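The first residue of the sequence shown is numbered 1, and numbering continues consecutively from there. Values in this document were obtained by computation on a predicted structure and should not be read as measured data.
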Amino acid sequence: MEFGTAGYYVIGEFVACWGSFLISINIFLSFSLYDRRQRFFLYASASTFLAAVFNIASVYMIEPVNNVPVWLTVLVTTLYFFMLLINPFVMSAYVFDIAFSDRKKQIIFTSIGGIMLTSYMLIVLLNIKTGWIFRYDAVEGYIRGPLKNITYMLSGCYGLCIIMTVFVQRKFMARRLLFVFLIYPFISLFFVAIQFFFPKVILTGVASFTSVLFAYITVQSYMIEVDYRTGLMRESKLRRRISMQRTGGVLLVMTIERMNIIQSNLDAKEFDSLFLQLGTLLLSFFPRDAYILSVNRLAAVGKTIDEVNQKSKKLIAEIKKLNAQLFSVIPVPLDCRSVALEFKRGENDLDFMMDLINNMLNKEQATNTRSLQICDESVLLDMERKRQIYSILKRELTLDSEMFQVWFQPIYSIKEKKFVYMEALSRLKNTELGDISPAEFVQVAENRGLVERLGYVAFEKICKFIAENRDVVEAVSINFSVYQMMNPNIVENVLSTIDRFGLSPSNIVMEITESIFIDNFDFVMRSMLTLTKAGVKFYLDDFGTGYSNLANVVTLPFSTIKMDRSLVLMMEESDKGMSLFTDLVNTFKTGGFKILVEGIETPVQNERVENAGVDYIQGFLYSEPLPPDKCVTLLRQAAV
C-alpha cells in the first residue's frame, strides 16, 4: 500500500499525527497542565497533530482527478502552513523559559520569536491572494511559489535560536537539559533535509513530532529522576543505585546548615541559582553519582574512603569560595557537615544506612566539628542500642509496665512551709539494657514517633498515682510535649483521662515550654483556654533557657513561671546577676504570676531565691526524684 496519492508518501504523517495525539492525551491524563512548563509540550504536540492532519488532507486533495473545490483545497493547505511553525516557536519559548531566570529576558526573547511567527502567519494569509508560498488551480494542480522554502528557513532560525540560547546559558542549565536542546534541532533538521531533497516524501509532521517526542520523553524522565534546579538525581535514583550495587562503595551525605535562614534572605531567582551552583559543584567531583535528598541535604557515591575524603575536602573548599560570594547577601555562612559510610556488596538497605548517617550528623552537630566524619564500629553499636531501646519502648509503653515508671520530685512552698505538689518525671528502669536515662530514651521516642504515646502513658500512670493517694497528693505537674499539644484531640484526651480516673482537673498542672507556640499559637491558645476553664493549671517551663516572648507569657493563661536552673547560676555569679534575678521575680509577681525555681542544691542558693521572693522551690536540697512509694512516704512524714 502506497499511503499517498499523486506520488506523495504520507505514512510518516500518519505516524506523526497519531503520536502527537497520544502525547497531548497523556498530558491531560497526567494532570500536567497544572505545571506551566508542561503546557508548552501540550501546545507543541497539539499544533503538530493539527499540522499533520491538514497536511494529510491537503495531499489527498491536490490530486487533479479528485473533484474537490479549489477553495477547499486552498483553505486546508493554508491551515497546514498556518500551523506548521507553531511547534518550533513553542519549543523555542520553552527553552527561553528554562534558560533565563529573569522574567524580562524570557519575555523579550519569546516576543522576538512571536514576531517571527506572526510575520510568517501574515505571509500565509496573504498567500491566498499572492501565491508566494503556493497556489492551486484545477488545471495545473499544486504549484510552489517563490517563497516555498520560507518554512525551512524559519524552522532553521528557531533551531539556531535554541542552540545559541542553551550554549550561552549553559552555566545556568542542568547538564542533561543542555545536551537535550543542543541535539533537539538537529533531529528536526534531519527529517526536514530528507523532505527538502525528496519533496514527494512528506515528513514535515515527522520532523516536528520526533523532536518533540525526544524532548518530552527526556524531560519527563529527567523530572522524575533529576531535581530540576540542581541537575542532581533524586533519592529514588540513589535507592536503585545502592540496591543494584555489585561491589562495595562509599556513601557521602552533606547537610547544608541553616538553609531556612539562607532561603529567607534570597529571592526565588537567587535561591535557584545557589542550588544550581551547589549541584554543579557536586557533579564536578561525582559526575555520575551525585544526588539531592532534601532541600538541605546532598549525597554522592564514591569507590573508596580515601577518594571520598579527598573529594569532600576540595568540595568544601569550593563551597567556601561560594560562601564568600554570598557574604553580602545572607547573614549566616554557607556551611555544611558531611558523613561518609562505607558499605559492602549486598549491604543495600539505604534506610538503615541513612539512620547511621543521621546518627553521625547529630553527633557531629553536638561536637561542632566540620571535618568529614566516618561511620565506624562505634556508630553501629550506638545504632543497635537505639534499636533495642525502641523495641523496649514499644513493648513497655503500657499502663501496667513495671519498667516504664513515673517518679516524682516534691515541690516546696515557702509560704506554707511544706510540700504542696510534685513534678512527674519518666524513667525506664531494670530493662535488659539496665537503667536507661530519660535523655536517651526520650530522644529515641522522638526520632521513632513514640513520644506522643510516651507522654500519654505517663499521664495515665500519673492519674492512677493521684487516684490511689488522694489523702497526701493534691496536684502533680506534668510535662506535655509539642506533639501532645498539637494533637487536635488534646482537650478531649486530657479531660477524658482525668474523668476516667475520677480526678478533678485541679489535680493536674500541665507544664509546657514556649517553643510549642512557634508554629501554631492560635490552636494551642484555644486548647489552653478550654482546659483552664475546666480547672487545669498551666506552668511555663524552662523560662530562661532561650528567647522568651513576654507577650506570649502575658497573653496565655499561665499561673506560674518555672525558672530554669541557669538563672540560679547567674544569680550566684555576681551582685548584678542577683539584682537582675530579683527584678525579674518582682516583675512577674506584679503581673500576678507565681514563681517556681528549680535546681536548688545548696542552702546558699535556697536563701537567695527566698530573699528574691519566689513562691516555690524544687531541687536536690529538698528531695531528689523518688519512686512513687518513697515519695508518698516522704509526704506522709512531712505532714506529721
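Under a 3.5 Å cut-off, the side chain of Ser623 and the backbone N or O of Gly619 do not form any donor-acceptor pair. Put simply, the side chain of Asn611 gets close to the backbone of Glu607: a donor and an acceptor are under 3.5 Å apart. Under a 3.5 Å cut-off, the side chain of Ser401 and the backbone N or O of Glu396 do form a donor-acceptor pair. Side chain of Ser579 to main chain of Lys576: no donor-acceptor pair is present (N/O by atom type, distance under 3.5 Å, no hydrogens or angles).
Side-chain contact check for Asn296 and Ser294: at least one donor-acceptor pair (N or O, by modelled atom type) lies under 3.5 Å. Remark: the Tyr539 side chain and the Asp541 side chain contain no N/O donor-acceptor pair separated by less than 3.5 Å. Using modelled atom types, one finds no donor on one side chain facing an acceptor on the other under 3.5 Å when comparing Ser477 with Glu423. The closest side-chain donor-acceptor pair between Arg297 and Thr255 falls under 3.5 angstrom. Checking Gln310 against Asp306 by side-chain atom types alone, no donor-acceptor pair falls below 3.5 Å.
Judged by a 6.0 Å distance limit and a 45° cone about the ring axis, Lys311 is positioned over the six-membered ring of Phe286.
The existence of a salt bridge linking Glu624 and Lys630 is excluded, since no basic side-chain nitrogen approaches an acidic carboxylate oxygen closer than 4.0 Å. Note on Glu440 versus Arg385: salt bridge recorded, some NZ/NE/NH1/NH2 to OD/OE distance being below 4.0 Å. Between Arg636 and Asp471 there is a salt bridge, since a side-chain N of the basic residue sits under 4.0 Å from a carboxylate O of the acidic one. Using a cut-off of 4.0 Å between Lys/Arg side-chain N and Asp/Glu carboxylate O, Arg239 and Glu235 are scored as salt-bridged.
Heavy-atom neighbours of Lys461 NZ from other residues, nucleotides or ligands within 6.0 Å: above the threshold of 12. Counting non-hydrogen atoms of neighbouring residues, nucleotides and ligands closer than 6.0 angstrom, the CD atom of Glu402 reaches no more than 12 such neighbours. Summarising the local packing, CG of Asp575 is surrounded by 12 or fewer heavy atoms from other residues, nucleotides or ligands at distances under 6.0 Å. Within a 6.0 Å radius of NZ in Lys394, other residues, nucleotides and ligands contribute 12 heavy atoms or fewer.
Residues Ile478 and Ile508 have side chains in contact (heavy-atom distance under 4.5 Å, counting atoms from C-beta outward).
Classified by interplanar angle (parallel below 30°, tilted 30° to 60°, perpendicular above 60°), the ring pair Phe408/Phe465 is parallel.
The side chain to side chain donor-acceptor pair (under 3.5 Å) analysis of residues 583-605, with sequence neighbours excluded, yields the pairs Glu572-Gln605, Lys589-Asp615. Among residue pairs with one or both ends in residues 406-419, those qualifying as side chain to side chain donor-acceptor pair (under 3.5 Å) are Gln405-Trp407, Gln409-Gln618; sequence neighbours excluded.
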Worksheet item: Between Tyr421 and Asn507, does a side-chain hydrogen bond (donor to acceptor under 3.5 Å, both in side chains) hold up when you go through it step by step?
Response: CA-CA 9 Å; Tyr421 62 101; Asn507 295 134; over 6 Å; no

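Between Tyr390 and Phe441, the ring centre distance reaches or exceeds 6.0 Å.
The only option from Asn469, Val406, Asp400 that meets the side chain to side chain contact (heavy atoms under 4.5 Å, CB included) definition with Lys464 turns out to be Asp400.
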